[in-house]
Amino acid sequence: MSTYTFPAEQHLPALKEKTVYVVASGDLRLSANLAGWGTQQQLEADFAAAVGRFGFTVERAHGINPETGHGFIDSQRAGMDVFRNIPAEAPLVVVDAVWQYSHHVLAGLRSHRGPILVVANWAGDFPGLVGLLNLTGSLTKAGVPYSALWSKDFSDEWAIGKVEEWLRTGTINHDLSHVRDLPALPDSDETRLGAALARQLREEKAIIGVFDEGCMGMYNAIIDDELLNPLGIYKERLSQSALLAEMRLVTDGEAKEVRQWLDDAGFTFHFGPDDAEDLTEAQVHEQLKMYVAAVRIADDFGADAIGIQYQQGLKDMAPASDLVEGLLNNVSRPPVLARDGSRELYPGAALPHFNEVDEGVAVDALVTNRIWTAMGLDPANTLHDIRWGEEYDGEFVWVFEISGAVPASHNGGYDKSFGHRQPAVFFPRGGSTLSGTSKPGEIVWSRVFIMDDELHVDLGRGHVVALPEEETQRRLNATDKQWPIMHAVLHGVSRDQLMARHKANHVQVVYAPDAETADKALAAKASLFHELGVYVHLCGEVAL
Ligand SMILES: C[C@H](O)[C@@H](O)[C@@H](O)C(=O)CO
């Protein structure tokens, strides 16, 4: 007999008839999980009632942690342990009313063999829809089959029908008829420009500076080098600790000059007395040092774009990097000189920043910047969270709301932009946002994503509407009122079509001066991606 210590064999529980297992993936931050726990319980009850209509019961695969007081899976390890209580073939639902870290449940979902459903509540107060979109994007990248569903309270006919479909068949079919593959492109100045810029990128190559890879469990936002490098894009792996070290070398005088520039440009900071809850001068001063430090490091490494992970780690050491990110993405921004003062760095240009180190955004921001610049247009582009939305005046208007900063030109300039303290629930050391309401106008929207181990991009057109002040405020109050908002209308894409198709919590947006120019710029972008070997899909009404 062997004297070796063999591990005890693991046995998953046996399948139970008519039982659906539920797990709740959460944030890593205790404060965020506690804040969202009440809403989560309501959503779980609503979903259980919908399932109950068809004679199924819901079994929660994990309880409330008495030490934390909430019932979210709040780490990858916790998720792995929870999945040891779930029969491998069971119908499994990830119910999410909050922003969640996909890697908390990815390990379990990868090895689960039963049908998987991801559900969220159609509500603005917590970013559950954003969490759902990240998880479905991550599952798409991982090649794990899933279905997804969203509803205000799971009592509407549409959602109940979909719940029934899933219980009966193990999948939900959504209408994806708005998506088509790229047709043969016409020979035009725009398509030739796109192809030429693609060839230049592949031949001359570009660097994206990645300040700590992977943010908030966003597995979908990591593009492996094997997929990225063939585009001509290479990562420079940087550390947020280097950013902090570089901040120490920026003088108070340099930070004050940046501040003066912003004051002169008409930017308003909303200051208050309490560092724990309000924005303070000291927080902004530190952020402006970070701005200078980030540009200097980018220059040191010859980066064409940078991304700051910004959350775990950095949020505990410094005020949030959002203000920095918004400034970088704008062409008009405070000048930054080399350490010895000898030259201005990236003069007269945006330095594209991919927030939350979302590398799908990195690719998109870089090429969009180049196309729009070559066409003589404002290249300022940004991601937004697909946060929520409601009809207004008979049309569906999305709340696109990034968690902190947009380029000022999207708000119509610095004088129409302002800074609020980042909410303490997410950012203990505060920091200013670069907020505002995105100006009305024509946009091109997009998302680069990984599916079937290949790079794809969805491209579409839309416009931004101006809503009455009360409606803007209502939408802000219903979400995170400190953050920048865009009232987006997508052309030929319904609410449910976007939710079903989009493979990320983020959507990339860029303005064009009019509809005709937006169509032309989209053609150039489609051509560039096509030339790079990225699969291009057109979503909704696109003039191509
Ligand atoms: C502060 C929050 O965690 C946000 O960062 C989160 O909702 C996102 O922005 C996800 O993209």
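Counting convention: from 1, in listed order, for ligands and their atoms alike. In this text the structure is predicted, and so the values were computed from the model without any measurement.
- A salt bridge links Lys235 with Glu359: the closest approach of a Lys/Arg side-chain nitrogen to an acidic carboxylate oxygen falls below 4.0 angstrom.
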Nitrogen or oxygen contacts under 3.5 Å, ligand 1 side and protein side:
residue, atom, partner, partner atom, Å
ligand 1, 3 (O), Arg29, NH2, 2.6
ligand 1, 5 (O), Gln311, NE2, 3.0
ligand 1, 5 (O), Glu356, OE2, 3.2
ligand 1, 5 (O), Ser403, OG, 3.4
ligand 1, 9 (O), Glu356, OE2, 2.9
ligand 1, 9 (O), Asp385, OD2, 2.8
ligand 1, 9 (O), Ser403, OG, 3.1
ligand 1, 11 (O), Glu356, OE1, 2.8
ligand 1, 11 (O), Asp385, OD1, 2.7
ligand 1, 11 (O), Asp385, OD2, 3.4
ligand 1, 11 (O), Asn505, ND2, 2.9
ligand 1, 11 (O), His506, NE2, 2.9

task: Walk me through it: do Ile308 and His353 pass the test side-chain contact (heavy atoms from CB on, under 4.5 Å)?
output: CA-CA 8 Å; Ile308 303 173; His353 182 276; 3.4 Å; yes

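- Asp364 and Ser446 share a donor-acceptor pair across their side chains, judged by distance under 3.5 Å alone.
- The side chain to side chain contact (heavy atoms under 4.5 Å, CB included) check on Gln42 picks up Asp46, with sequence neighbours excluded.
- Ring pair Phe426/Tyr310: centre-to-centre distance not below 6.0 Å.
- Of the N and O atoms on the side chains of Glu471 and His487, not one donor lies less than 3.5 Å from an acceptor on the other residue.
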